Amino acid sequence: MKFLTNIAPVKITLEVLAVLMLSLPDMVEAQVLVPSGSFHTVMPEVKGEPVAVDSFYMDMTAVTNNEYSEFLQDHEDWKPGNVPSIFAYKGYLKGWENTNSDEVVNPNQPVTSVSWYAANAYCQSVGGRLPTLNEWEYSAQLMDFDSSVDAQEFASRLMSWYSTFDSENIGNVGSSGIENRHGVKDQFGLIMEWVQDFKPVIANDLSLDCGTVGRMQKLGNAYSYAASIRYITRMSFSPKSTNSTVGFRCAYDVATIEEKEANL
Amino acid sequence: MKNLLLIILLLFTATNLVAQHNHNHSADNTLNAKEIDSEHSVYHLDADWTDHRGDVVRLDDFKGKPVIVVMFYGNCTDVCPILIQDTWRLYSSVDESVREHVNLLAVSFDTENDTPEVLNKYAKYEQLDIPGWHFMTADDADIRTLAMMLGVQYSKKSDGHFAHSNLVTVLDEKGRIAQRVEGLNQPMNEAKATIESIMDRLNK
Amino acid sequence: MKSIKLTFTLIIGLLLTGITTLSYAQTDEYEMDGMTFGMPEAEVFTEDYDGPPVVGDHLSMLPNLEPLDYEGNKTHEVRIDIVAQEIEVADGVKYEAWTFGGTVPGPVLHVREGDRITFTMKNRSDEPVTITEPTKEGSPFMQQVAQNNFMKAEEATMPMPHSMDFHAGTVAKDDKWRTIAPGQSIKFDWVANYAGSYIYHCGTPSVLMHTAMGQHGVVVVSPKDGYDTGYEVDKEYVIVQSEYYLKKGPGDLYQYDYEGAQNRNPSHVVFNGHQTILHDQPLKANAGDRIRLHVSNNGPSGTSSFHVIGGIFDRVWLEGHPFNEMRGMQTVLLGASSSATIDMIVPEEGKYILIDHEFADAEKGATGTLKAGPREK
């Protein structure tokens, strides 16, 4: 199988993988292990040195309207109307007529119009956290294609998606047909997702001007071009932003999952 | 000693002049503090913090009086000492009668290394284990949330160090951002004036 | 407190200060050569505004130019919001565009050299905005769109970060041309220091994509002493050439063709945003008229060899500046973001074709009609 051209070789410790995967009880089957490795990012980096990422667990799909609604039942202070404006713009959960969990509209669609603060609070409440930017991007590019032509075509489709995403018809989680090799679904094709540090370290050097994309897409392929669009879009958000096409998923430290494991 | 002071003064003036005209030049580790909304209170953050004395505190324990907040990490050897020094400079410039009411929160984003015990050592080493100063830690997610509200960016690098913004924030008695001083070695006179005027207002 | 170590670090730190201090430069207003520089810092904020996306007295829909009905200089209060909109750009070709004010190109702003503009822009790409309802508070642009909705504009939602770059403004781009997230607004002042026709466009990367997706328009800055011609102009129009890079999407709508854009291979090259509009609604004049065309090539990438079939350009001011007068040109070469103000005598009754004489462009739609009626005098 050929890979996208910007992936550095991935190291998978099979023993760790086997032990963790086999011992997963039902309650954590919605999270999968993304094993440690490294990758080349579109951000400026030390020449030839890919970014290293430690193993972590990630939600297989984005957090759904249903799951978020359950969170609201236990955390009334996150219901629209109760959230102070320091934590979200007015558009928070716009389109949610009411917040009773038995009346969730589009229950299996990813929740959107949530601010960074809301996403962060949700992940905290389930014992996790938002993924870091590097974790999210690393996981996103761990995809396998049958040929480099297929990989190119996928990257082209990504570019089309960034100019046509439709907040009216998002689709249920899992419906994008896009999955990385560990089973993480829909990192493209449905929504954009919050990460912990969405305005990354070197953001200031990239003064977001006309030349930015040229400087970012030094990897010279459509995937990195699409990645630059994604980085730039994400960097422009405020933590209070409540966009109809931005949602999130949670990540978990390996230690947390192992502990949960051990306590069963 | 006098010579040393003179040299420091000259360097201070020279670099300050240079600093006024420099923008968009950033050392590798320094980030812009982002645009933030100053109309709302950070005390909305519902979390437990542990300070270097081992006490569990909440942010709104400090409400009612002005607060100075700075974010840093202990293993930072080049930039954070200056930032802490700047914060001290602000704190000590405030009139004595006002200063006794001001709390100073120094929050570390390095939860792995900067435990309350380590923070205690740090405070003592910097001779900053004084009443009113609180070196603090909490859960990663809560520290990140506070940073978001203040407009501090930080990111952990692979060598364990952090790339981060340099920001000293003054909160008013309700926990709203009243003044932000971005960068290193910045003049603190406006921030000092803000703190004193908050107290003036409260004393009326 | 002042340990030796700390003092030493302090000295090193002071030296580092020069490279580590960041802030927006704040230059106080000043004059030079009769022009005004040094605008106050832009404000980025959130507002509840849900009124008309285009507000201001001197904003019109192409090819119209709103007359300057005042003497000397004034300060204009202008709002042009960013909205996503589904529009038709050629027969049967519709796509969801990113726009200023709801049309592609956006509204034409007409000001006088030396005027000040207080500009507000809200990024409303995450909310559906209708532009076809006439409103009292909106600008002439809005009335004109309501009466003549040739792009068949329909509301759409596509939240994206955007920014504004007025080529007519002379300001620091990291301050005024800042990118704002959906839901945010920006407000700043700028002074039209130079006469001419200037593009405005979204400066958020990828600028190729944002411009190709529709975010561009024109500001016509009329010279304070006019063009020294000795005659009155009978008709004045604004023409904007631009490219679309579109390919068929999975459904009925078209979508951005990233490869086409990278390879400078547009699907459509048009005048005033629509492949056939200047044929469906030709420009009108009479034999013997002196017409003035403000022509801008907004790109994003192409050049235009602008010519009017049957005519010769009597006077051409490159970039629209009175100092740059050329006489008797058959074709004006306009690079991407270049413009020209062109005076032409309409020789006789009949039809004239506006064209980008680079025929690969013309055949993709870069043509229009000027219909001339009988001599009136």
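Note that this is a predicted model, so its numbers are computed, not measured.
- In this structure, B:E100 places its CD atom where more than 12 heavy-atom neighbours from other residues, nucleotides or ligands lie under 6.0 Å away.
- Environment of CG in A:D54: sparse, with no more than 12 heavy atoms of neighbouring residues, nucleotides or ligands closer than 6.0 Å.
- Atom NZ of A:K94 sits in a crowded spot, with more than 12 heavy atoms from other residues, nucleotides or ligands closer than 6.0 Å.
- Within the 4.5 Å cutoff, the side chain of B:H44 has heavy atoms near those of the A:P84 side chain.
- Separating the CG atom in A:D197 from the NZ atom in B:K156 is a distance of 12.5 Å, to the nearest 0.5 Å.
- Within the model, atoms CE of B:M148 and CH2 of A:W116 stand 4.5 Å from one another, a figure rounded to the nearest 0.5 Å.
- Taking non-hydrogen atoms and a 4.5 Å limit, the residue list of residues 129-145 of chain B in contact with chain A, ordered by number, reads B:D139, B:A141, B:D142, B:R144, B:T145.
- The distance from atom CE of B:M149 to atom OH of A:Y117, rounded to the nearest 0.5 Å, is 6.0 Å.
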